[in-house]
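Inspection log for the structure reproduced underneath, given as structure tokens.
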Protein chains: 2
Amino acid sequence: MSDQTDHSAKGWRPHGVVIGLNAVVVSVQDETPHVLVVDRSRTPTVDDADTIYGLPFGPFDPETHRTLEIGLRTWVGEQTSLDLGYVEQLYTFGDRGRDAFGASDEAHIISVGYLALTEQASKLHNPDSVWHKWYRYFPWEDWREQSPNIIAEAIQPALRQWADDAPDPGQKTQRWERACMCFGFDQGEWDAEKVLERYELLYEARLVAEFARDRNQPVTTDPPLGEAMTSDHRRILATAMGRLRSKLKYRPVVFELMPSTFTLLHLQQTVEAILGIRLHKQNFRRLVEKEGLVEGTGKISTRTGGRPAEEFRFRSEVLTERPAPGVRVRTIAR
Amino acid sequence: MSDQTDHSAKGWRPHGVVIGLNAVVVSVQDETPHVLVVDRSRTPTVDDADTIYGLPFGPFDPETHRTLEIGLRTWVGEQTSLDLGYVEQLYTFGDRGRDAFGASDEAHIISVGYLALTEQASKLHNPDSVWHKWYRYFPWEDWREQSPNIIAEAIQPALRQWADDAPDPGQKTQRWERACMCFGFDQGEWDAEKVLERYELLYEARLVAEFARDRNQPVTTDPPLGEAMTSDHRRILATAMGRLRSKLKYRPVVFELMPSTFTLLHLQQTVEAILGIRLHKQNFRRLVEKEGLVEGTGKISTRTGGRPAEEFRFRSEVLTERPAPGVRVRTIAR
DNA sequence: CACCTTTATGCTCATTATGAGTATATATAG
DNA sequence: CTATATATACTCATAATGAGCATAAAGGTG
């Protein structure tokens with residue numbers, strides 16, 4: 001098809017804007033959330049240190065696809081052979097690589113980010129795309145075992161420093177309060193959903209590699225806080241993580257990540273993997289049963305460990321019933 | 001600096017896509033939510049029946065504005081002299097006017113919708129833009145007095161008919177269940193947040209004028225269900241209403257719509273206006289006080305009516321405190 | 001086999017949160 | 001003064017939540 005359609009007749013000059021579609025494709029394997037990434041190294045590298053990954057990314061062609069979401073599903077399907085089940089639009093990023101491009105007059109890119117959930121790790125067609133644990137990019141987000149070391153060892157002191165470096169006293173306080181709100185310092189609470197707020201704080205405090213890269217400056221922290229991604233993809237991933245963590249609680253989206261039958265422990269571990277926190281087992285069971293989210297199949301799972309558990313399935317009827325609930329996991333237990 | 005982005009090298013051609021920015025600007029006056037609309041009649045009309053309104057809409061020029069949001073704030077400011085406080089991105093619509101334009105090969109428009117909240121009705125510069133009550137477009141969404149007549153009189157029978165018209169029995173059931181979930185028929189509950197679901201249902205059931213207009217067919221209902229808007233603007237407004245109703249409950253956004261001091265009744269009426277339902281007064285007070293959302297100023301309001309009320313102000317500190325709460329208004333009272 | 005480990009499941013209990021009122025205070029209109 | 005509003009303070013029954021205890025049912029081990 002012709003790609004040079006002339007639209008100038010309309011009066012508006014298209015400023016060479018290109019619509020890109022970004023997908024954050026999530027699956028949970030081995031109690032760990034994974035995200036689909038693509039090797040974006042400029043040259044094939046042997047050394048892993050030079051490898052940099054980004055999210056799958058494709059153009060939106062309005063000639064071919066009627067809607068943005070159809071376009072997304074199509075090219076993700078083509079490139080990875082994945083059949084995306086649940087797809088949700090996240091955010092449209094217009095300021096991508098603002099300074100990253102310097103004064104370049106390349107085509108401006110508006111990228112529409114999507115969150116997609118898929119069960120298990122199907123085999124991937126494209127050898128370029130691989131599953132990575134998402135905590136590789138956000139090591140401070142996993143509180144399942146304990147408060148992540150990187151927080152006490154690197155993040156807290158660095159943010160303390162950043163606050164102290166503020167020009168005036170009022171700003172010092174403000175900065176520190178913001179750090180406390182994000183990371184729960186000073187007996188504050190950890191709020192699992194604030195993934196984006198935390199990333200943006202670290203970015204502003206110049207603690208992530210992307211900041212330095214975007215303006216050609218040296219990185220502040222060594223070792224860097226989590227692995228960088230191309231462009232603003234880590235920010236998009238943060239948006240996706242936050243959205244998913246939040247959505248879990250009021251919509252039954254976990255089940256998009258589960259096989260058709262599962263034990264309650266399996267379900268709980270999936271939720272915990274995403275939220276990055278541990279939950280109280282008995283109360284979790286009480287909750288999902290009371291909400292009518294699952295029903296037993298009668299079959300008993302054959303597993304290792306202790307007493308065999310019953311297998312459950314998702315009661316998809318809840319979707320048509322009242323205000324569809326989610327796994328409203330309140331505060332944690334231990 | 002080498003950009004990490006590989007897009008330009010990929011040989012993508014911009015397909016002449018134009019980015020439009022849509023703003024749903026909301027304010028609450030006289031216990032009624034209002035939205036800023038613009039007269040989009042093709043020709044100046046004397047007859048009000050021919051007038052059709054749409055949301056304020058402007059192009060995004062990446063040359064001038066660094067981010068989408070800055071672009072939005074700028075042209076809204078220019079056109080209406082309004083200073084938008086709170087601004088939140090809603091959704092990016094890519095399938096705008098799919099069939100509306102027929103097989104025209106006009107430039108494709110991607111529109112990014114924004115929700116903006118502003119206090120009171122400032123005077124508007126542009127005479128084209130006016131404030132309309134938002135229930136003018138969604139008369140079935142206002143349950144403050146009672147279940148809206150239009151539901152029992154027009155919507156329920158029409159949806160019943162639509163369900164019965166389904167080709168096979170399974171679909172009949174499905175359609176009716178969907179109608180019940182949306183509108184709470186058959187002793188289901190009314191969920192104020194499902195504004196978009198309801199609009200889309202009415203659209204699919206061919207009950208709103210936009211459906212007919214989009215495919216050049218006669219409208220099914222007479223009188224029409226609520227007033228139509230240009231393009232897909234009523235859908236964007238529905239998205240905004242749903243988002244605002246939902247956000248109210250977990251973020252203190254109401255205060256963006258309030259003057260600096262207010263009585264608790266005023267606050268409650270604002271919340272009720274947006275949610276379209278009534279709340280229990282004593283419990284509302286208990287809630288906002290317990291959450292620490294407001295603090296008394298000591299001043300007493302001089303008003304008509306009964307006993308004078310204390311004036312309160314928003315405790316903006318809560319924003320920096322723990323997981324910022326909202327007006328978690330649960331079910332209604334009466 | 002007795003016994004320990006491990007996970008599953010059932011049940012209790014104290015606290016809070018929520019929904020719905022009752023009761024009292026303090027204005028204004030007649 | 002009385003009726004009528006609205007404001008504000010409390011009460012109370014129920015439901016939801018956070019934390020545990022207790023028991024069941026598997027496998028492994030000396």
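Quick note: numbers below take in every heavy atom, side chains included, and nothing from hydrogens, waters or symmetry partners. In what follows, chains carry the letters A, B, and so on, assigned in the order in which the sequence lines appear, proteins first and then strands, with residues in each chain numbered from 1.
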Q: Assign a letter to each nucleotide of nucleotides 7-12 of chain D from its 5' end: B, base within under 4.0 Å of a protein heavy atom; S, sugar-phosphate only; -, no contact.
A: BBBB--
Q | Test side-chain contact (heavy atoms from CB on, under 4.5 Å) applied to A:Glu177 - qualifying residues, sequence neighbours left out | A | A:Thr173, B:Thr320
Q. What is the bend of the helix from C:dC1-D:dG30 to C:dG30-D:dC1 when you compare the axis at one end with the axis at the other, using five pairs each and rounding to 10°?
A. 10°
**Q.** salt_bridge(A:Glu145, A:Arg278) N-O dist < 4.0 Å
**A.** yes
Q: Using whole Å, report how far CD of B:Glu291 lies from C1' of C:dA17.
A: 10 Å
Q. For the pair made of CD in A:Glu189 and P in D:dG18, what is the distance, rounded to whole Å?
A. 11 Å
(Q) I'd like to check the ring pair (Phe, Tyr, Trp, His ring centres under 6.0 Å) partners of B:Phe185; sequence neighbours left out, ordered by chain and number. (A) B:Trp176, B:Phe183
Q. How would you list, by chain and number, every residue that makes a salt bridge (Lys or Arg N to Asp or Glu O under 4.0 Å) with B:Arg286, sequence neighbours excluded?
A. none
Q. D:dA19 P sits how many Å from A:Leu287 CG, rounded?
A. 15 Å
Q) Quick one: is B:Lys290 getting a side-chain N or O under 4.0 Å of the C:dT18 phosphate, OP1 or OP2? A) yes
Q. side-chain hydrogen bond (donor to acceptor under 3.5 Å, both in side chains) with A:Arg178: which residues, sequence neighbours excluded?
A. A:Glu204
(Q) Whole angstroms only, please: what is the CD-C1' distance between B:Gln268 and D:dT6? (A) 12 Å
Q. Quick one: salt bridge (Lys or Arg N to Asp or Glu O under 4.0 Å) partners of A:Arg198, sequence neighbours excluded?
A. A:Glu141
Q | For B:Arg175, all residues meeting salt bridge (Lys or Arg N to Asp or Glu O under 4.0 Å), sequence neighbours excluded | A | none
Q: Please report, rounded to the nearest Å, how far the P atom of C:dT18 is from the CZ atom of B:Phe284.
A: 14 Å
Q: Apply salt bridge (Lys or Arg N to Asp or Glu O under 4.0 Å) to B:Glu256 and list each qualifying residue two or more places apart in sequence or on a separate chain.
A: none
Q. Once you round it to whole Å, what is the distance between P of D:dT6 and NE2 of B:His280?
A. 15 Å
